[in-house]
Protein chains: 2
Amino acid sequence: MASIHDVAKEAGVSVATVSKVINHYPDVSEKTRKKVKLAIARLRYRPNVIARGLVTGRSWTVGVLLHVPFTNPYVSMLLEGMKTALEHSGYDLMRLSARLNDPDYSFIDHCHSRNLDGIVVFGVEKDHRSIQELIQAGIPTMFVDTDATGLRAGNITTDNRNGIRMAVQHLFELGHRRIAYLAGVPGQDVNELRLAGYREGLGAFSLAYREDYVVDGDYSYDSGFQGMNRLMELDVPPTAVICTSDMAAFGAIRAIEARGFTVPGDISVVGFDNIFETELFKPGLTTINQNIHAIGVKSIEELIAMIKDPKYPPPVVTEPSSLVIRESTGIAKVIT
Amino acid sequence: MASIHDVAKEAGVSVATVSKVINHYPDVSEKTRKKVKLAIARLRYRPNVIARGLVTGRSWTVGVLLHVPFTNPYVSMLLEGMKTALEHSGYDLMRLSARLNDPDYSFIDHCHSRNLDGIVVFGVEKDHRSIQELIQAGIPTMFVDTDATGLRAGNITTDNRNGIRMAVQHLFELGHRRIAYLAGVPGQDVNELRLAGYREGLGAFSLAYREDYVVDGDYSYDSGFQGMNRLMELDVPPTAVICTSDMAAFGAIRAIEARGFTVPGDISVVGFDNIFETELFKPGLTTINQNIHAIGVKSIEELIAMIKDPKYPPPVVTEPSSLVIRESTGIAKVIT
DNA sequence: CTGAAAGCGCTTACAG
DNA sequence: CTGAAAGCGCTTACAG
């Protein structure tokens, strides 16, 4: 690869002048600019981003910390949205190791040694040591689904409370009075918000909150399957269940079917996420739509805004959720 | 962040000596080494990878070019495998833009300006200009599912031919004689190999190859749906169909059901990939398993081997495929 | 065993 | 408007 020195020689000017042309400085004569541009074209010169970064302190790289597998459907959509926003921004995306609990590994050191301009974090709780260090370090950061903020850290999530409230209302209107909830991991921000939405939803229709109607889980198919089994073993099982993820809902439905019951004939099921697999699944899943792609796009857009302007206030954004009604919910069989 | 100069000052030695300690040079006295290590610990010093890269010419970064969406289930598994192999390697992964057809964008320039040590490519055909440039440039590269090689470029794929052959045999043994094939994009390496496997499979059982039993597609659900519709409109429709992807198989099954027929009662369907969605789908899909995770792992392992040793011969590896039998294939209804 | 110096490919005051 | 020089944070011959 040609370097800036080669270009300078070819054009018969100094490297400083070449640099000025590359960076669109105004104080270069038209004649010189032409000469330099010609030399650049002739040598197919491209400035070395690495070298430039060393002096400007910017790497034109944003990191992404994913504390979940790539096979997580939420992550796929998120990345797809991020990619869209990245495309013409000049920034590239670097995946960062998620060895957060390895004592030999320091996430923040990693970010520093790579000169990262900004970070998107998904799937890590805000009380984690690495996250605290990251916030302290003052590197522009956007948290997805984690309610953390800092001087240079904002976050973005879906309107979780209202999503679940809409689900409760939908089931109530179908005549359900025994509505259970298959929850996520206790303590996680998203889980607490959704749980709050569930309680608020019940309250809005004067339905009592029952401890035994809430089962913790981990968003997976298996956790939905097992959670549903527990609910069905209750003396008074629910007639409807809201799940904290579509995958858990899939598991719940198969658990219901495995006991010889039908969805929605016997029990109605609502998911959360509206991942593309809902289109494949039978019965079609009624679920709460998250605009994951938009969250991906905005997380990057806001991050870049923070990078570009040190005074840009760290955003806290909530994307609207909506209810998508398919086949897995129906009129309650028994009104108690 | 502390720099190497800060450490040198703190330890009372030169930066050259600090550098030697960091890089485990043997010619440093134990006493000096101790002093330096202490200073490093005290200042929480981490060498700047960027600066180091500028002089060594290595960025400790491998790029990945994905010419498909992140939501593609194959990609998710591939990335998950790559991640595994990357974890303790010291290399980080950078996603590269896929603006391959944008005249303002040069993939190879991008790689150079980022000083990438190696590249993994998926979903681009070998005759694409960017790919040719990449091979010429001599940057270590591993192609996934693309039959390209170069002085420093190898590739890895599944045993596509044999996979399809096994599917034909399975169907033949179930009594099927009218076996159709829902193909992928003509010209793509993977497609040609699978098509060859289909023909070989038919040949092995003396079944005639019929043009009208092969329909091109693009691996998607919709293409499977439409392709199956075409097959079912034939005067003598097939009793079994092999699909070039699981997603296409899902589409094909729904097309069959939409016409009031059943799988496998009326028509047997085989997929390709064994993505995790096959577990969700009903009926359970008989499919050809690709060990995608292993392909991800090996693509990185081989790439790193090439990076480390300029004389490491570019590997061409074929991962075995296997048939996974579930519910979507059954005994042929009519023997012709 | 240790360190001064040159250099990787850039940018940025600053002097002219 | 142009360029010499210093410097970003490192590594690597080379001299001592």
Side-chain angles (χ1 to χ4, degrees), chain A residues 1-40 43-61 90 92 109-117, chain B residues 1-40 43-61 90 92 109-117:
Chain A
M1 279 289 283
S3 82
I4 196 170
H5 285 99
D6 302 323
V7 176
K9 193 176 294 174
E10 173 84 10
V13 299
S14 73
V15 296
T17 300
V18 176
S19 177
K20 281 174 192 165
V21 172
I22 298 167
N23 296 297
H24 307 101
Y25 278 50
D27 59 337
V28 179
S29 74
E30 215 30 63
K31 204 172 131 199
T32 308
R33 192 181 301 278
K34 280 233 176 73
K35 274 198 301 190
V36 172
K37 286 202 165 169
L38 200 67
I40 289 175
L43 301 179
R44 295 206 71 214
Y45 168 71
R46 296 291 139 175
N48 184 307
V49 178
I50 301 296
R52 176 181 283 173
L54 193 58
V55 16
T56 60
R58 295 180 65 173
S59 60
W60 290 95
T61 304
D92 278 313
D109 285 352
H110 192 169
C111 296
H112 274 136
S113 87
R114 285 280 184 187
N115 252 217
L116 264 22
D117 292 337
Chain B
M1 280 290 281
S3 81
I4 196 169
H5 286 99
D6 301 324
V7 176
K9 193 177 294 176
E10 174 84 10
V13 298
S14 72
V15 296
T17 301
V18 176
S19 176
K20 282 173 190 163
V21 172
I22 297 166
N23 295 298
H24 307 101
Y25 278 51
D27 60 338
V28 180
S29 76
E30 216 28 66
K31 205 172 131 199
T32 307
R33 191 182 301 277
K34 279 236 175 71
K35 275 198 299 188
V36 171
K37 286 203 163 167
L38 200 67
I40 288 175
L43 300 180
R44 296 206 68 214
Y45 168 70
R46 296 289 141 177
N48 184 307
V49 178
I50 301 296
R52 175 181 285 174
L54 193 56
V55 15
T56 61
R58 295 178 63 171
S59 60
W60 290 95
T61 304
D92 278 313
D109 285 352
H110 192 169
C111 296
H112 274 135
S113 89
R114 285 279 183 189
N115 252 213
L116 264 20
D117 292 337

Taking only the side-chain nitrogens and oxygens of Asn48(B), find out if one of them lies under 4.0 Å from OP1 or OP2 of dC8(D).
-> no
Is any side-chain N or O of Ser19(A) closer than 4.0 Å to OP1 or OP2 of dC10(C)?
-> no
Are Ser29(A) and dT2(D) close enough that a side-chain N or O sits under 4.0 Å from OP1 or OP2?
-> yes
dT2(C) phosphate, OP1 or OP2: any side-chain N/O from Thr32(B) under 4.0 angstrom?
-> yes
What nucleotide, of dC14(C), dG9(C), dG3(C), holds the atom closest to the side chain of Lys20(B)?
-> dG3(C)
Rounded to whole angstroms, how far apart are CZ on Arg114(A) and P on dG9(D)?
-> 17 Å
Rounding to a whole Å, what distance do you find between Arg52(A):CZ and dC8(C):P?
-> 18 Å
Determine whether Met1(A) and Leu43(A) make a side-chain contact, defined as any pair of heavy atoms from C-beta on separated by less than 4.5 Å.
-> no
Whole angstrom value for the distance that separates P of dC14(C) from CG of Asp27(A) = 15 Å
Nucleotide dG9(C), atom P - distance to CG of Leu43(A) in whole Å = 14 Å
Between Val13(A) and Val55(B), which has a closest nucleotide on DNA chain D that is more 5'?
-> Val13(A)
Could you go step by step and tell me if Arg114(B) and Trp60(A) meet the side-chain contact (heavy atoms from CB on, under 4.5 Å) rule?
-> CA-CA 10 Å; Arg114(B) 285 279 183 189; Trp60(A) 290 95; 3.7 Å; yes
What nucleotide among dT11(D), dG9(C), dG3(C) has an atom nearest to a side-chain atom of Leu54(B)?
-> dG9(C)
Expressed in angstrom and rounded to an integer, what is the separation of Ile50(A) atom CD1 from dG9(D) atom C1'?
-> 13 Å
Point-to-point distance, once rounded to the nearest 0.5 Å, from OG of Ser59(A) to CG of Leu116(A) | 5.5 Å
State, yes or no, whether a side-chain contact exists between His110(B) and Asp92(A) at a heavy-atom distance under 4.5 Å.
-> yes
Nearest-angstrom distance from the residue atom CD1 of Ile4(B) to C1' of dT12(D) = 12 Å
N/O (side chain, Thr56(A)) to phosphate O (OP1/OP2, dT11(C)) under 4.0 Å = no
Ser14(A) vs dG3(D): side-chain N/O to OP1/OP2 distance below 4.0 Å = yes
Lys35(B) NZ to dG3(C) P: how many Å, rounded?
-> 8 Å
Euclidean distance, Thr17(B) OG1 relative to Arg33(B) CZ, rounded to 0.5 Å | 10.5 Å
Would you mind classifying the nucleic acid contact of Arg33(B) as base, sugar-phosphate or nothing, using non-hydrogen atoms under 4.0 angstrom?
-> nothing
By the Watson-Crick or G-U definition, both distances under 3.5 Å, dC1(C) is matched with dG16(D)
Determine the contact category for Arg58(A): base if any of its heavy atoms lies under 4.0 Å from a base atom, sugar-phosphate if only primed atoms, P, OP1 or OP2 are that close, otherwise nothing.
-> nothing
Mind calculating the distance between NE2 (His5(A)) and C1' (dA6(C)) to the nearest angstrom?
-> 13 Å
Within the structure, does a side-chain N or O atom of Tyr25(A) lie under 4.0 Å from either OP1 or OP2 of dC1(D)?
-> no
